[in-house]
Amino acid sequence: MHVLPTISTMFIVISAIFVGFGWYHIRKGNRETHTKLMIAGAISALTFFTIYMSRTIFQGNTAFDGPENLKLAYHLFLFFHITLATVGAVFGIVTLILAYKKNWIRHRKLGPITATIWLCVAPTGVMVYILLYVLYPGGETKPLIDAIFGL
């Protein structure tokens, strides 16, 4: 069993759940609950990132070992997921900073965009996990750049 990928994927899902409920609560006017849920979502996302980067640094990433005819589609999907996750993380940090600074006008404008992106990042991350560890049990472990580009 792939313990660290499973745990890190669980944290990204938990993060999205917190973000989804946090968005729901701000729409209902529950600011205090919204704040707590969004902080929990950020901590969960940071936990994911910490586990992911630790595994990448110390073990490398798992190469896709599925059928040859799916490799291009998988790598395009992975590139989309990584791009979306990076944009989502940057937006998340900016949105949190705006809230911390009580810049509510900009926070209200950026928050829904950030949440939407993050609610797309989590399912695409789960799909990457399923493709790498469930449907086509992982290939060799290699450095990040090799795994991303299928080298």
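Both Phe49 and Leu78 belong to a common hydrophobic cluster when Ile, Leu, Val, Met, Phe, Trp and Tyr are linked at side-chain heavy-atom distances under 4.5 angstrom. One hydrophobic cluster, built from ILVMFWY side chains closer than 4.5 Å, cannot hold both Ile14 and Tyr24; they sit in different ones. Placement of Leu4 and Val126 within a single hydrophobic cluster is found when ILVMFWY residues are connected by side-chain heavy-atom separations under 4.5 Å, directly or transitively. Taking hydrophobic clusters as Ile, Leu, Val, Met, Phe, Trp and Tyr residues chained together by side-chain heavy-atom distances below 4.5 Å, Leu84 shares a cluster with Ile130. Clustering ILVMFWY residues whenever any of their side-chain heavy atoms sit less than 4.5 angstrom apart, transitively, puts Ile26 in a cluster other than the one holding Ile97.
Considering all non-hydrogen atoms of both residues, Ala89 and Trp118 come closest at N-CZ3, 3.8 Å. Heavy-atom minimum distance, Met38 versus Phe18: SD-O, 4.4 Å. Considering all non-hydrogen atoms of both residues, Ala122 and Ala16 come closest at CB-CB, 3.4 Å.
In the hydrophobic clustering, Met10 connects to no other residue, as no ILVMFWY side-chain heavy atoms lie under 4.5 Å from its own. Taking Ile, Leu, Val, Met, Phe, Trp and Tyr as members and joining any whose side-chain heavy atoms lie under 4.5 Å apart, directly or through other members, the hydrophobic cluster of Ile39 also contains Ile43. Counting side-chain heavy-atom gaps under 4.5 Å among Ile, Leu, Val, Met, Phe, Trp and Tyr, the cluster of Leu76 also holds Leu72.
For residues 25-34, every residue pair satisfying the salt bridge (Lys or Arg N to Asp or Glu O under 4.0 Å) rule, not counting sequence neighbours, is listed here: Glu32-Lys36. Identified under the salt bridge (Lys or Arg N to Asp or Glu O under 4.0 Å) test for residues 71-81, with sequence neighbours left out: Glu68-Lys71.
Distance check, rounded to the nearest 0.5 Å: CG of Leu119 to OG of Ser15 gives 9.0 Å. From Asp65, atom CG reaches atom CG of Leu135 across 12.5 Å, with rounding to the nearest 0.5 Å.
Considering only residues two or more places apart in sequence or on other chains, Thr86 meets the side-chain contact (heavy atoms from CB on, under 4.5 Å) condition with Ile82. Applying the side-chain contact (heavy atoms from CB on, under 4.5 Å) rule to Leu46 yields the partners Thr50; only residues at least two apart in sequence or on another chain are considered. In this structure Phe77 satisfies the side-chain contact (heavy atoms from CB on, under 4.5 Å) test together with Thr124, Met127, Val128, sequence neighbours excluded. Remark: Phe11 engages Ile7, Ser44, Thr47, Phe48, Ile51 in a side-chain contact (heavy atoms from CB on, under 4.5 Å) (not counting sequence neighbours). Residues passing the ring-ring contact (aromatic ring centres under 6.0 Å, His included) test with Phe91, sequence neighbours excluded: none.
Side-chain atoms of Ser8 and Tyr129 form no donor-acceptor pair, as typed in the model, at a separation below 3.5 Å. Side-chain atoms of Thr62 and Tyr133 include a donor-acceptor pair closer than 3.5 Å.
When atom types are taken as modelled, the side chain of His25 and the backbone of Thr33 share no donor-acceptor pair closer than 3.5 angstrom.
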Check: residues 103-115 side-chain donor-acceptor pairs under 3.5 Å, at least two apart:
unit_1: Asn103; atom_1: OD1; unit_2: Arg106; atom_2: N; d: 3.4
unit_1: His107; atom_1: ND1; unit_2: Thr95; atom_2: O; d: 2.9
unit_1: Thr114; atom_1: OG1; unit_2: Thr95; atom_2: OG1; d: 2.8
unit_1: Thr114; atom_1: OG1; unit_2: Leu110; atom_2: O; d: 3.0

